[in-house]
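So that the names make sense, note that chain A is the first sequence line, chain B the second, and so on, each numbered from 1.
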Amino acid sequence: MTKKVRVRFAPSPTGGLHLGGVRTVLYNYLFAKQYKGDFILRIEDTDQTRYVPGAEEYIVNCLKWCGMEPDESPQKGGPYGPYRQSERKEIYRQYAEQLVREGKAYYAFDRPEELESMREKFKTADNPSPQYDHRVRMQMRNSLSLPAEETERLLADGTPYVIRILMPENETVLLEDMIRGEVSFNTGLSDDKVLLKADGMPTYHLAVVVDDYLMKITHAFRGEEWLPSAPVHLLLWKYLGWEHEMPKWAHLPLILKPDGNGKLSKRDGDRLGFPVYAMNWHDPRTGELTRGFREMGFLPEAFINMLALLGWNDGTEQELFTMDELIARFSMDRVHKGGARFDFEKAKWFNHEWIKRKDAKDLVPQVRSVLQEKGIAATNDAYLEQVIGLVKDRCTLLTDFYGQSTFFFETPGQLDVAAVKPKWNSEKEDFFRTACQLFETFHHWNPGDLEDAFKKLAAEKNMKPGEVLMPFRIMLVGGKFGPGVFDIVALIGKKETIKRIEQGLEQLRQ
RNA sequence: GCCGCGUUCGUCUAAGGGCUAGGACACCACCCUUUCACGGUGGUGAUACGGGUUCGAAUCCCGUACGCGGUACCA
């Protein structure tokens with residue numbers, strides 16, 4: 001019997017959730033669901049100086065919007081809680097102390113200034129950033145370099161200390177990564193990472209290992225930026241005696257800026273005019289508001305679809321996937337090794353495709369709220385649905401529905417008369433007056449019959465339909481855009497159509 | 001500097017020793033449409049470089065270049 005798959009997303013609550021974060025969640029989620037496993041949300045809030053109120057709730061809401069609800073979380077609870085690391089503080093100390101007792105870690109009493117001067121002292125052109133490692137540890141103030149009594153005394157005096165892992169001087173550690181294959185590291189090249197901080201909180205390194213073990217995580221997927229510290233984690237699993245329980249690892253490629261170099265940051269979004277966060281993020285410290293994909297008019301389905309394909313594909317030419325299809329097709333070994341540049345144009349294309357493929361009915365709530373924000377009530381569901389059906393093919397973002405459909409709800413104000421004025425004449429005016437009379441008594445109020453009647457009238461007046469169609473459109477819509485003229489007429493109704501023709505004739509006269 | 005990871009059209013990618021290196025976004029042209037879109041057809045455009053191995057290399061090996069990540073009592 002194989003173990004039940006359990007994966008986790010472990011963000012630190014320091015701000016908005018950006019693209020890379022959501023994609024990490026997504027791959028975790030897809031994997032978990034594919035294997036009918038559990039998806040856990042764990043909050044890594046061990047750095048009290050970076051904690052931002054509201055960030056955790058924001059993350060939870062993002063997951064909800066994306067349709068990736070955790071099976072276990074601080075909010076939902078679960079059998080392996082608490083799920084907030086700050087609430088598990090005592091657990092970590094136990095294991096850190098255990099490691100010290102077993103000679104696999106040690107107390108270090110160095111003050112920040114001392115660390116600073118060590119770095120200065122050993123800094124050379126060849127080694128610009130000296131580490132606290134096997135080469136210098138005996139010259140520092142720790143339980144390895146100090147006599148045992150001295151260590152005892154310092155501890156008894158309540159001297160602040162940290163616990164550092166003792167990295168072997170020269171051992172090879174092999175990591176089996178689901179995406180990259182075997183990666184090897186030399187332990188002597190890594191520093192003696194702090195495991196337990198002076199404030200009693202664990203660092204990430206200790207906390208991930210302890211929690212992944214205690215929470216029975218079977219697969220650990222995280223960003224590529226963690227690859228260099230993987231040997232420390234591997235060693236910790238071994239030191240703690242849990243090697244056989246160690247999860248399988250996968251280090252996900254980064255999402256890069258569209259231009260230039262480096263990983264995508266919030267700054268790039270601000271600079272290039274696209275969102276980087278899933279939803280609007282309001283920073284309580286600065287008061288700054290950062291726009292999100294949701295508020296920008298993205299459908300969660302499109303957002304997820306786009307992210308899934310950024311660094312992964314199923315080997316076919318299919319690009320549009322529902323969440324269920326992704327769950328069925330996803331495989332970690334088809335995830336790319338290299339980072340992917342984010343392309344907002346492609347992201348918009350996904351959204352456009354999703355708007356087109358969704359039923360008008362299903363878009364009603366979202367479009368209504370877009371319209372409501374602009375002061376259009378749109379209370380009639382059936383009517384709104386028909387409007388959406390007519391315009392959705394020309395909307396890339398949900399927010400586009402406003403510009404594409406206001407004229408279904410409000411009589412256009414200032415018409416683009418310049419578009420027809422040059423060719424305007426009294427014959428055309430006469431035609432529209434007659435058209436009004438025709439509509440007044442017309443009974444077959446549907447697009448086909450309306451069009452036939454309209455064209456018949458044009459023929460009687462010796463006019464080509466094209467000559468009067470554009471003026472008619474301008475009267476109805478206000479400009480040169482929108483769905484078919486008779487679809488609009490059919491929908492807005494007799495009274496409104498006649499009203500708009502009369503208003504149009506009025507504005508054209510001036 | 002050191003360590004690790006990468007590198008196919010501008011961008012996302014397919015092709016894991018064997019067709020003219022395929023698709024998508026974007027861009028351009030044409031068609032459809034008497035609007036704007038949708039849609040359709042076609043086009044421009046890539047294996048970083050240098051060596052091997054092989055009948056044959058985008059694919060395997062070595063080197064170089066370039067990029068990214070890490071090098072914190074941050075995650």
Side-chain angles (χ1 to χ4, degrees), chain A residues 10-14 44-47 49-50 108 110-112 115 119 123-133 160-164 175 177 179-180 183-186 188-191 193-205 207-208 222-231 251 253-254 256 258-263 306 309-320 336-350 352-353 356 391-396 400 404 416 419 464-470 472-474 476-477 479-485:
Chain A
S12 34
T14 53
E44 309 223 328
D45 55 348
T46 53
D47 186 354
T49 62
R50 294 209 312 160
D110 316 276
R111 309 290 312 160
L115 293 175
R119 291 193 181 102
K123 195 162 156 184
T124 62
D126 278 353
N127 184 12
S129 45
Q131 306 187 114
Y132 200 118
D133 59 16
Y161 65 90
V162 300
I163 292 180
R164 287 179 181 271
L175 165 73
D177 187 278
I179 297 173
R180 288 154 218 281
V183 183
S184 84
F185 305 88
N186 186 303
L189 267 5
S190 184
D191 59 339
K193 287 261 181 278
V194 170
L195 263 21
L196 199 73
K197 299 186 263 190
D199 65 1
M201 279 288 194
T203 56
Y204 171 84
H205 309 292
V208 249
R222 48 165 29 168
E224 190 185 355
E225 68 269 25
W226 289 110
L227 199 48
S229 47
H251 290 87
L254 267 13
L256 279 11
D259 61 339
N261 306 317
K263 61 177 173 179
M306 175 273 291
L309 275 279
L310 209 53
W312 171 86
N313 70 85
D314 77 340
T316 71
E317 279 171 5
Q318 180 175 344
E319 290 195 276
L320 265 19
H336 260 236
K337 294 181 179 76
R341 282 211 152 104
F342 175 66
D343 180 5
F344 190 50
E345 290 306 318
K346 185 92 184 207
K348 284 194 292 190
W349 175 80
F350 274 107
H352 193 182
E353 291 301 315
K356 283 191 292 179
V391 305
K392 73 190 181 84
D393 283 3
R394 56 204 81 209
C395 293
T396 297
D400 293 340
Q404 288 295 335
D416 180 14
K464 279 183 277 187
E467 292 181 80
V468 281
L469 234 26
M470 184 53 87
F472 196 18
R473 166 176 297 283
I474 301 290
L476 295 167
V477 174
K480 294 167 69 172
F481 65 96
V485 165

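Note on A/R473: a base of the nucleic acid sits closer than 4.0 angstrom, heavy atoms only. A/T14 comes within 4.0 angstrom of no nucleic acid atom, judged by non-hydrogen atoms across all strands. At the heavy-atom level, A/G338 lies under 4.0 Å from the strands shown only through sugar-phosphate atoms. Base contact: A/D110 has a heavy atom under 4.0 Å from a base atom. Among the heavy atoms of the strands lying under 4.0 Å from A/V194 are primed sugar atoms or P, OP1, OP2 only; no base atom is included. Using a 4.0 Å heavy-atom cutoff across all strands shown, A/N127 reaches at least one base atom of the nucleic acid.
The phosphate of B/U11 (OP1 or OP2) has a side-chain N or O of A/R341 nearer than 4.0 angstrom.
What separates CD of A/Q131 from P of B/G4 is a distance of 13 Å, to the nearest Å. Rounded to whole Å, the distance from CD on A/E345 to P on B/U13 is 17 Å. In this structure, the NE2 atom of A/H352 is 16 Å from the P atom of B/C36, given to the nearest Å.
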Below 3.5 Å between N/O atoms, which protein atoms pair up with nucleotides 43-45 of chain B? Just atom names and distances, please.
none

Heteroatom pairs (N/O) under 3.5 angstrom, protein to nucleotides 28-34 of chain B:
from, atom 1, to, atom 2, distance (Å)
B/U34, O4, A/G466, N, 3.0

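Contacts of A/T49 classified as side-chain contact (heavy atoms from CB on, under 4.5 Å), with partners at least two apart in sequence or in another chain: A/D47. For A/R394, there are no salt bridge (Lys or Arg N to Asp or Glu O under 4.0 Å) partners at least two apart in sequence or on another chain. Every ring-ring contact (aromatic ring centres under 6.0 Å, His included) that A/F342 has, sequence neighbours left out, goes to A/F274. Residues forming a side chain to side chain donor-acceptor pair (under 3.5 Å) with A/Q131 (at least two apart in sequence, or on another chain): none. Shown here are the side chain to side chain donor-acceptor pair (under 3.5 Å) partners of A/S184, two or more places apart in sequence or in another chain: there are none. In this structure, the side chain to side chain donor-acceptor pair (under 3.5 Å) partners of A/K356, at least two apart in sequence or on a different chain, are A/E353. Scanning for ring-ring contact (aromatic ring centres under 6.0 Å, His included) contacts around A/H205 gives A/H233, with sequence neighbours left out. Applying the side chain to side chain donor-acceptor pair (under 3.5 Å) test to A/N186 and every residue at least two apart in sequence or in another chain returns A/N170. Annotation: ring-ring contact (aromatic ring centres under 6.0 Å, His included) contacts of A/W226 (sequence neighbours excluded): A/Y204.
Here B/C38 sits opposite no nucleotide as a Watson-Crick or G-U wobble pair (both hydrogen-bonding atom distances under 3.5 Å). Both distances falling under 3.5 Å, in either a Watson-Crick or a G-U wobble arrangement, place B/C2 opposite B/G70.
The nearest heavy atom of RNA chain B to A/P258 and to A/P128 marks one nucleotide each, and the one closer to the 5' end goes with A/P128.
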Quick tally for nucleotides 62-68 of chain B: nucleotides whose base has a protein heavy atom under 4.0 Å get B, sugar-phosphate-only ones S, the rest -, giving -----SS

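Taking atom P on both B/C28 and B/A37, the two are 12 Å apart, rounded to the nearest angstrom.
Residue A/E224 is tested with A/K337, A/K263, A/R180 for a side chain to side chain contact (heavy atoms under 4.5 Å, CB included); the sole match is A/R180.
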